Asks: 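Before I ask anything, here is the structure I am working with.
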Amino acid sequence: MLKIAIQKSGRLYEDSIKLLKECGIQLNNGNKQLKTVADNFPLEVYFLRDDDIPQYVFDAVADVGIVGENVLLEKNKDIDLVYRLGFGKCRLSIAVPKSMQYNSIKDLEGLKIASTYSNILQKYLDEKKSNAEIHEISGSVEIAPGIGLADAICDLVSSGSTLFTNGLKEVEVILRFRSSVDS
Ligand code: PRP
Ligand code: ZN
């Protein structure tokens, strides 16, 4: 039985399910089960936090996973990127409250940035010789400035609507993740 790990909710969920359907695989997890077996194919599907997927694949608990390159890069596990599926295009950016005067990365000196991408962000700050401090959290990053947890955030931006809704503006793009279908 082949085991595949996909995101249980979030931006990749719908496209991952759609891809399996287009392959002719019938799933039946109506009740939000976190593990399901396809009706017509020897395939077991695990619904996981995307951040955990590289570890599951590394440990061979899952044979393959569908996950963003941002997560692959952050987790830095010894696993292979075998194919780019062509969805989930996004970028990793730093954002600050709309009201903040921002001209360059220097404006973040001594300030706190909340992120789930501490490895990638630290590398970027080192390259820019910034001493901004990283506050690592595991989700709901965009509310951090609004509740006084941090001065800025570093998170994925796709449509930009999450930033907008939370009164933030994008000020630095750290990485762009393309979505071409080649490997
Ligand atoms: C990402 C990210 C943002 C959102 C940005 O979440 O954490 O919250 O997407 O998208 P937008 O610019 O279109 O609003 P994701 O779906 O990857 O879920 P996760 O962070 O819980 O893994
Ligand atoms: Zn995630």
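From a predicted model like this one, the values you see are computed outputs, not experimental measurements. As the structure lists them, so they are numbered: ligands from 1, and atoms in each ligand from 1.
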Asks: Which atom, among the N/O/S set of D50, is closest to the Zn ion (ligand 2)?
Replies: OD1

Asks: Do the side-chain N and O atoms of E172 and Y102 include a donor-acceptor pair separated by under 3.5 angstrom?
Replies: yes

Asks: For L156, counting its heavy atoms only, list the atoms of ligand 1 lying under 4.0 Å from any of them.
Replies: 2 (C), 3 (C), 5 (C)

Asks: Against heavy atoms of Q7, which atoms of ligand 1 measure under 4.0 Å?
Replies: 18 (O), 22 (O)

Asks: Which atoms of ligand 1 have any heavy atom of G10 under 4.0 Å away?
Replies: 16 (O)

Asks: Less than 4.0 Å is my threshold; does some heavy atom of G139 fall inside it relative to ligand 1?
Replies: no

Asks: For K169, does the NZ atom have more than 12 heavy-atom neighbours from other residues, nucleotides or ligands under 6.0 Å away?
Replies: yes

Asks: Looking at ligand 1, does any of its N/O atoms fall within less than 3.5 Å of an N/O of S158?
Replies: yes

Asks: Is it the case that D59 and Q55 place a side-chain donor and acceptor less than 3.5 Å from each other?
Replies: yes

Asks: Is the number of heavy atoms from other residues, nucleotides or ligands within 6.0 Å of OH (Y124) greater than 12?
Replies: yes

Asks: Would you verify that at least one protein heavy atom lies under 4.0 Å from atom 12 (O) of ligand 1, or report that none does?
Replies: yes

Asks: Give a yes or no answer on whether the side chain of N40 reaches the backbone of Q26 with a donor-acceptor pair at less than 3.5 Å.
Replies: yes

Asks: Around atom NZ of K98, are there more than 12 heavy atoms from other residues, nucleotides or ligands closer than 6.0 Å?
Replies: yes

Asks: Do the charged groups of E170 and R91 touch, with an N to O distance under 4.0 Å?
Replies: yes

Asks: With a 3.5 Å cut-off and no angle check, do the side chains of E44 and Y46 form a donor-acceptor pair?
Replies: yes

Asks: Distance to 0.1 Å, residue and atom name: give those for the protein heavy atom nearest to atom 10 (O) of ligand 1.
Replies: R11 CD, 3.6 Å

Asks: Report yes or no: do T162 and E142 form a side-chain donor-acceptor pair below 3.5 Å?
Replies: no

Asks: Please confirm whether R49 comes under 4.0 Å of ligand 1, counting heavy atoms of the residue only.
Replies: no

Asks: I'd like the name of whichever of D50, T162, N166, T165 reaches closest to atom 4 (C) of ligand 1 through any heavy atom.
Replies: T162

Asks: Consider every N or O of G160 and every N or O of ligand 1, then say whether any pair is closer than 3.5 Å.
Replies: yes

Asks: Which atoms from ligand 1 have a heavy atom of S159 less than 4.0 Å away?
Replies: 11 (P), 12 (O), 13 (O), 14 (O)

Asks: Please report the shortest heavy-atom distance between V141 and D155, naming the atom on each side.
Replies: CB-OD2, 3.9 Å

Asks: Examine D51 against ligand 1 and note whether any of their N/O atoms are separated by less than 3.5 Å.
Replies: no

Asks: Could you check atom 8 (O) of ligand 1 against the protein and tell me its nearest heavy-atom contact, residue, atom and distance included?
Replies: E142 OE2, 3.0 Å

Asks: Nearest protein heavy atom to atom 21 (O) of ligand 1: under 4.0 Å?
Replies: no

Asks: Starting from atom 2 (C) of ligand 1, find the nearest protein heavy-atom neighbour and note its residue, name and distance.
Replies: D155 OD2, 3.5 Å

